[in-house]
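Just below is one structure, and these are the notes that go with it.
All values below come from the heavy atoms of this structure, side chains included, with hydrogens, waters and symmetry mates left out. Here, residue 1 is the first one in the sequence, and each next residue gets the next number. Note that this is a predicted model, so its numbers are computed, not measured.
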Amino acid sequence: MSDSLERLYVAVIAAKDLDPATSRTARLFQRGPSKMAKKLAEEAIEVVIDAVNGNSDAVIRESADLLYNLTVLWAAAGVRPEDVWREMERREDMLGIAEKLPKSRLKLPKVVAVVAAPAARRRIVALEGRALRKRH
């Protein structure tokens with residue numbers, strides 16, 4: 001998938017200076033980051049609504065739109081796909097691929113045990129306490 005997003009990114013960069021009358025990408029670049037962000041948010045909401053409604057075909061279509069708009073916003077912000085992949089690798093090294101990093105160090109989950117093995121091993125953390133704190 002990452003190569004598809006990289007191809008999309010290259011196409012977005014190539015299209016950003018086209019005629020805005022004929023290119024949606026050029027039109028988004030002309031309108032600026034706030035319009036790009038609005039389109040990204042709209043697509044994210046559509047994905048959520050379709051997922052909640054159980055419409056997987058629509059989730060697929062809207063997810064493609066979401067990725068397109070995310071890629072446009074990346075290009076406008078000077079972010080390259082490889083920058084995002086590098087961050088994902090860093091996070092995977094810390095917590096595993098299926099975990100999201102907390103927003104701040106203060107919110108890090110409490111350490112239950114530390115594995116005293118090679119450096120490639122990650123800490124084992126308790127996530128239950130974090131979920132309970134959010135409910136109160």
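Atom CZ of Arg91 and atom CE of Met88 lie 8.5 Å apart (nearest 0.5 Å). For the atom pair CZ of Arg31 and NZ of Lys39, the computed distance is 9.0 Å after rounding to the nearest 0.5 Å. Within the model, atoms CD1 of Ile13 and CZ of Phe29 stand 5.5 Å from one another, a figure rounded to the nearest 0.5 Å.
Residues Glu87 and Arg90 are in side-chain contact: their nearest non-hydrogen atoms beyond the backbone lie under 4.5 Å apart.
Between Glu43 and Leu66 the shortest heavy-atom distance is CB-CA, 3.8 Å. The two atoms that bring Leu40 and Leu73 nearest to each other are CD2-CD2, 3.6 Å, heavy atoms only. Of all the heavy atoms in Ala51 and Val59, the pair that sits closest is N-CG2, 3.4 Å. Residue Pro20 comes nearest to Arg27 through the heavy atom pair O-NH1, 2.5 Å, listed as atom of the first residue, atom of the second, then distance. When all heavy atoms are compared, the tightest approach of Ala15 to Ser23 is O-OG, 3.7 Å.
Considering only residues two or more places apart in sequence or on other chains, Arg80 meets the salt bridge (Lys or Arg N to Asp or Glu O under 4.0 Å) condition with Glu82, Asp83.
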Test side-chain contact (heavy atoms from CB on, under 4.5 Å) on Tyr9 and Val84 and set out the steps.
CA-CA 12 Å; Tyr9 181 83; Val84 177; over 6 Å; no
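Applying the under-4.5 Å side-chain rule to Ile, Leu, Val, Met, Phe, Trp and Tyr, the cluster around Ile60 consists of that residue alone.
Residue pairs meeting the side-chain hydrogen bond (donor to acceptor under 3.5 Å, both in side chains) criterion with at least one member in residues 55-71, sequence neighbours excluded: Thr25-Tyr68.
Under the 4.5 Å side-chain contact rule for hydrophobic residues, Trp85 and Leu67 share a cluster. By the criterion of side-chain heavy atoms lying less than 4.5 angstrom apart, applied directly or through intervening Ile, Leu, Val, Met, Phe, Trp or Tyr residues, Leu18 is not grouped with Leu28; the two fall into different hydrophobic clusters.
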